[in-house]
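Below, chains carry the letters A, B, ... as their sequence lines are ordered, and counting in each starts from 1.
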There are 2 protein chains.
Amino acid sequence: MAAEKTIKYSRQREAIVKFLEGRKDHPTAEFIYRHIREDYPNISLGTVYRNLSLLEELGQVIKISCGDGNDHFDPNVEPHYHFICRECGSVLDIEMDSIDFINTLAEKNFGGRIDGHKAYFYGVCHQCCEMEK
Amino acid sequence: MAAEKTIKYSRQREAIVKFLEGRKDHPTAEFIYRHIREDYPNISLGTVYRNLSLLEELGQVIKISCGDGNDHFDPNVEPHYHFICRECGSVLDIEMDSIDFINTLAEKNFGGRIDGHKAYFYGVCHQCCEMEK
DNA sequence: TTCAATATCAGTAATTGTTACTAATATTAT
DNA sequence: ATAATATTAGTAACAATTACTGATATTGAA
């Protein structure tokens, strides 16, 4: 039987969780690191990465790989969709009902089993739309 | 006026195009490199990367960033969807009609403009389903 | 309340995927 | 052919992430 590693409390991990709590801007590890450092000047970037992937395993955060080269992190683990602005690159939440029925559509002519999907929407965000005027 | 860089023929680029032609397995740059080297032992990985991004600019290939850490390349530039197997990590095509209407759904309660999307489906591929038995 | 076991840390080095640089080579229009 | 220049191989640089190490913090039990 695999010896389950017990998880000990750490201030650093708590700070990361607190920092992410309620955020909607899906920061990168680097961004989180820079801000946590204001309270914990000695925290290392490795600690941020290690804890983010631990929190991901624990199901407390979601990693968003939207293809811009950096992973982004989201404390909202409920299934939802993201938008990436072609202008400014910001990653925003999309408010829409679940579209799980596309799994069934996708499974129609497919040999295997489909149980999930990720969708990224692209365009120009509200803020950048305003700038165009 | 921007001096358009004219594009000269190169055997290496042709070899890459030929190698990708008709493939359905969405290889990575590294994979392409290893195989092209059988015919062109001196080709460098940089050349593969450079040509792949050139071909992408030319609209001859599509780069797939599915979040497994490696970019994959697809000679099929028609809009279509991909599946990623949770077991073996293979990236497969999904045969399904366009679901562009989800853009409209997504734009409903969204401030900005939405003009495209990417969707990745997850599950267990046919081959891995068989292995489970 | 010690104390031993060990998870976590900071700091740093290593890895990995990708891009940039450079002098030599290949292609193309003339 | 030749001149202009795009492309190359090879290598170095880069950025994001992960692994390593000895020191430190947390925890359950004595």
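Ring pair A:F19/A:H35: centre-to-centre distance below 6.0 Å. Taking the six-membered ring for Trp, B:F73 and B:H26 have ring centres at least 6.0 Å apart.
DNA chain D lies under 4.0 Å from at least one heavy atom of each of the following residues of residues 45-71 of chain B: B:T47, B:R50, B:N51. DNA chain D lies under 4.0 Å from at least one heavy atom of each of the following residues of residues 8-20 of chain A: A:K8, A:Y9, A:R11.
Between the A:E107 side chain and the A:I114 main chain, a donor and an acceptor come within less than 3.5 Å of each other.
Taken from CG in B:D68 to OG in B:S90, the straight-line distance is 10.5 Å, to the nearest 0.5 Å. Distance NZ/B:K118 to OG/B:S65: 6.0 Å, rounded to 0.5 Å.
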Could you walk me through whether B:Y122 and B:F83 pass the ring-ring contact (aromatic ring centres under 6.0 Å, His included) check? CA-CA 6 Å; B:Y122 295 84; B:F83 168 90; 7.7 Å; no
Mind running side chain to side chain donor-acceptor pair (under 3.5 Å) on A:Q12 and A:Y40 for me, showing each step along the way? CA-CA 8 Å; A:Q12 291 88 341; A:Y40 295 85; over 6 Å; no
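Spacing between atom CG of A:N42 and atom P of D:dA23 amounts to 17 Å, rounded to whole angstrom units. Taking atom CD1 of residue A:I36 and atom C1' of nucleotide C:dA10, one finds them 15 Å apart after rounding to whole Å.
Taking five base pairs at each end of the helix from C:dT1-D:dA30 to C:dT30-D:dA1, the local helix axes there meet at an angle of 30°, rounded to 10°.
With respect to A:K63 and A:D74, no salt bridge is recorded, no charged nitrogen being found less than 4.0 Å from a carboxylate O.
In this structure, A:S10 and A:R13 approach most closely via the heavy-atom pair OG-N, 3.0 Å. Closest of all the heavy-atom pairs between B:N76 and B:H80 is O-CE1, 3.1 Å.
The residue among B:T28 and B:I7 whose nearest nucleotide of DNA chain C is located toward the 5' end is B:T28.
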